[in-house]
Each structure stands twice: as structure tokens, then as C-alpha cells.
Engineer: 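Before anything else, here's the structure in question.
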Amino acid sequence: MSVETISVLGSTGSIGKSTVDILLRYPDKFKVRALTGNRNVSLLAEQAKKLSAELAVTADKNLYPELKKALEGTSVRVEAGADAVVAAAKEDADRTVAAIVGAAGLLPAMAVAERGKTLALANKETLVCAGEIVMKTVAERKTRLIPVDSEHSAIFQTLEERHRAAIDRILLTASGGPFREKDEAFMEKATPEQAVAHPNWNMGAKISVDSATMMNKGLEIIEACHLFRVPAEKIEVLVHPQSIVHSAVGYIDGSVLAHMGMPDMRTPIAYALGYPERIASPTKRLDFTAISGLTFSHPDEKRFPALRVAKEAFAAGQGAACVMNAANEIAVGAFLNKKIGFLDIVRAVEKIMERFGAPAVRTIGDVLALDAETRRAAEELIAK
Ligand code: NAD
Ligand code: MG
């Protein structure tokens with residue numbers, strides 16, 4: 001087994017912790033270069049010690065003294081601030097897991113894409129707000145891009161590149177989230193606690209709320225279009241509450257290649273860490289005799305308008321998708337802070353999208369400026 005250097009951006013989050021869990025099982029395979037986190041510096045310090053990381057970075061400048069103190073007496077270098085996170089992403093590592101949440105992960109992920117090594121991408125917002133630019137950089141720099149999102153890992157594993165012309169559809173599965181069977185009257189009053197209680201997956205707060213509105217699936221349609229160079233019309237979303245089939249690719253001869261497994265992010269993470277090899281994950285094995293049934297249905301876009309909104313944004317262009325993503329991040333934050341109701345999230349996103357339209361974005365600078373402007377407008381709208 002050859003030794004690889006690895007960095008984990010967002011190591012203290014849900015994906016980050018699962019990544020660290022796998023890395024700790026392979027001390028001879030991975031040499032950890034950088035770990036980055038935000039406010040949870042005690043966990044960051046603990047991870048850096050356990051993995052003998054070279055560098056630990058907190059995105060919060062004010063927490064530098066705390067992180068420095070927690071790592072006193074070790075050889076771990078300590079840095080702080082948003083720029084230091086980007087600098088950590090620029091440091092040479094054979095493989096980098098990008099698991100920061102939201103558009104805050106864009107610049108670090110771009111820095112990795114520009115290095116031309118391997119980018120294991122969990123941060124879907126990066127592709128939603130700047131997919132065209134990121135994918136262009138990936139192609140130019142010959143960066144190996146491996147999706148971590150479970151559905152996209154499933155598609156990556158079942159999409160036969162040599163039969164690309166014979167693909168007739170991509171089946172993107174969705175659990176349907178905690179409100180799959182709830183009506184609008186229930187959702188109007190739904191609390192953050194109810195929204196983050198996902199039936200199958202244990203995830204960060206933002207993506208949990210996105211799963212409840214089904215914006216997560218909307219973001220994933222856009223993510224899939226960029227990753228696999230397929231038109232949105234070829235993507236069929238299927239609500240599959242058991243989360244056993246993680247997605248599938250259908251071919252013109254009628255074959256459907258599906259990826260299955262227990263719902264545990266350590267499986268797609270292990271795939272992204274090992275690729276092109278497979279490495280072990282402690283994920284519970286799938287027991288077919290214990291599955292009482294696998295069900296599939298089309299989503300209800302009336303109760304879950306986020307799916308339609310995301311498709312419209314993607315069709316309108318990169319700027320519209322960036323606006324949608326930024327407005328959604330602000331609205332989800334406001335919902336989590338109990339400033340707006342659950343159904344107000346997508347309402348706010350639509351209002352902001354109407355106002356902004358589809359501005360042209362050509363560079364990462366354009367995307368960042370539009371992202372910031374949208375956030376300000378969304379905050380103002382919500383404060384009213
Ligand atoms: P999380 O909230 O649990 O963790 C986010 C990480 O980003 C943390 O390490 C946090 O410290 C860091 N972070 C937050 N704000 C930051 C900032 N401004 N600057 C730098 N770092 C910051 O989120 P998560 O659930 O692990 O999700 C991470 C990404 O992976 C998201 O884009 C999400 O959509 C995607 N994803 C997650 C899952 C899952 O199961 N959790 C599945 C598929 C995709
Ligand atoms: Mg997913």
C-alpha cells in the first residue's frame with residue numbers, strides 16, 4: 001500500500017468526522033497534511049493529535065489562541081481565519097476531502113481543483129453556485145474529482161464511461177426526508193427540531209433542513225448535471241424511503257445498474273478515499289433477507305416546490321443557481337434560528353430569485369460577489 005498525503009477541509013462536521021473515522025483505520029496508508037474546522041476547536045485539536053496532522057486550521061480568527069493552547073506541546077502547526085483555510089487547501093496533498101458546508105467551501109474547493117491532484121467533493125454547494133467554472137478548472141488541471149455525496153458516488157460507480165452514449169436516464173433517489181408524508185398544514189408549523197430529525201441519515205443541520213424541503217435533491221440534480229455532463233431532463237428523481245438504492249443509471253438496452261448499501265456515509269467516503277482501489281469501511285452489511293420491501297415513487301412537487309425551483313434555476317443559468325443557493329443558505333439559517341417558518345424557506349428563495357433573475361457570472365470573483373449580494377438581500381427580506 002503506497003502512502004498518500006491527505007487533507008480534510010471541514011473535518012469537524014458530520015462528513016468530516018466520518019472521514020476521520022476511516023482515516024484512523026488506515027494509519028499506514030494516509031499521512032495527514034491539514035485538517036480544518038470552524039468553531040469546534042477542541043474536536044479539531046483532538047483529531048489533529050490522533051491523526052498526527054501537520055496543520056490544524058480554524059476558520060474563526062478569534063479562536064486561534066484556544067486552538068494554539070489545545071495543541072501546545074505537539075508538532076501540529078496552527079493557523080486561523082478564512083484565508084488560512086484556503087491556504088491549507090493550497091498546501092500539497094495527494095487527496096483532499098472538501099466537506100465544508102455551504103458556499104464557504106467554494107474557494108477552498110477551487111484551490112484544491114487548481115492543484116490538479118484528487119478532490120473528494122462532499123460540498124455540493126460548490127457545484128451548485130459555480131459548477132461551470134469548477135468543472136472547467138478540473139478539466140484543465142486534470143484534477144481527479146470523486147463525488148462523496150452518496151447518490152453521486154452511486155452514479156459514479158454505475159455510470160460506464162465507455163457506454164456514455166447509451167445512457168438513457170439517471171435515477172436519483174431521495175429518502176423524501178422527515179416530512180415525506182406530511183401535509184402543508186403540518187409543514188407550515190414544523191419546527192427546526194422536527195426538520196433535522198432525518199429518518200435514515202445523521203447529517204449536519206443545513207443539509208438536514210435541505211432534505212426536509214427537498215432542496216437537497218434540487219441541489220443534487222444540479223450537482224449531477226455538472227459532475228456527469230448530463231442534461232437535467234435525463235435525471236429522474238425517485239422517492240425511496242428505505243435509502244438502500246443510492247441511485248442508478250439506466251441504459252438504452254433496458255439495463256439498470258443500481259448501487260446498494262446501508263445508509264452510512266462511511267461507504268461513499270471510503271470509496272472516495274480509496275479510489276481507484278476499494279478500502280474497508282465498518283458500515284453494517286446489507287442483509288437482503290431483512291429488507292421487507294423497497295418502494296419508489298415520484299416526488300410531489302406541489303408539497304416540495306424546491307425541486308421545481310432548483311430545476312428552473314439550473315435552466316436559467318449559473319448566476320440563477322448561485323442566487324438560489326445563497327438565498328437558501330440564509331433562509332435555512334433563519335429557519336434554524338426560528339425567525340421564519342419552514343415553508344417560508346422556499347418562499348424566500350423564490351422571491352429573491354425573482355428579484356435577481358439570472359445575472360452573468362464568469363469568474364469565481366463574480367460568483368462570490370453575487371453570493372454576498374444575494375445574502376444581504378435575503379437577510380433584509382427576512383428581517384422585514
Ligand atoms: P456540518 O455542518 O456537519 O459540517 C460542516 C463543516 O464545515 C464543519 O467542519 C465546520 O466546522 C465547517 N465550516 C462551517 N462553516 C465554515 C466556514 N464558514 N468556513 C470554514 N469551515 C466551515 O455539515 P455536513 O453535514 O458534514 O456537510 C458538509 C457538506 O457535505 C455539505 O455541503 C453537505 O451538503 C455535504 N453532504 C453531507 C452529507 C452528510 O451526510 N452529512 C451527505 C452528502 C453531502
Ligand atoms: Mg445526497
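Position 1 is the first residue of the sequence, and the numbers go up from there. Atoms within each ligand, like the ligands themselves, are counted from 1 in listed order. Every heavy atom of this structure was used, including side-chain atoms; hydrogens, water molecules and symmetry mates were not. This one's a predicted model, so the numbers in the text were calculated from it and none came from an experiment.
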Engineer: Other than Met260, what residues sit in its cluster of Ile, Leu, Val, Met, Phe, Trp and Tyr side chains whose heavy atoms are under 4.5 Å apart, directly or through others?
Structural biologist: Leu171, Leu238, Ile244, Val245, Val256, Met262, Leu286, Phe288, Ile291, Leu294, Phe296
Engineer: Where is the tightest heavy-atom contact between Ala109 and Leu119, given as atom of each residue plus distance?
Structural biologist: O-CD2, 4.0 Å
Engineer: With distance as the sole criterion, is a donor-acceptor pair present between the side chains of Thr58 and Asp60 under 3.5 Å?
Structural biologist: no
Engineer: Around ligand 1, what residues show up once you keep those with a heavy atom under 4.0 Å from it?
Structural biologist: Gly10, Ser11, Thr12, Gly13, Ser14, Ile15, Gly37, Asn38, Ala59, Ala99, Ile100, Val101, Ala104, Ala122, Asn123, Lys124, Glu125, Asp149, Met203, Gly204, Ile207, Met265
Engineer: Assess the side chains of Ser243 and Asn200: does a donor N or O sit below 3.5 Å from an acceptor N or O?
Structural biologist: yes
Engineer: Can you list the residues that meet the ring-ring contact (aromatic ring centres under 6.0 Å, His included) rule with Tyr275, with sequence neighbours excluded?
Structural biologist: Phe156, Tyr271
Engineer: Would you name the heavy atoms of Pro359 and Leu370 that are closest together and state the gap between them?
Structural biologist: CG-CD1, 3.8 Å
Engineer: Is a side-chain N or O of Asn328 found less than 3.5 angstrom from the main chain of Met324, in a donor-acceptor match?
Structural biologist: no
Engineer: State the count of protein N/O/S atoms located less than 2.8 Å away from the Mg ion (ligand 2).
Structural biologist: 3
Engineer: Do Leu381 and Val346 belong together in a cluster built from hydrophobic side chains that touch within less than 4.5 Å?
Structural biologist: yes
Engineer: Looking at every heavy atom in both Ile15 and Ala99, which two are closest together, and how far apart are they?
Structural biologist: CG2-CB, 3.6 Å
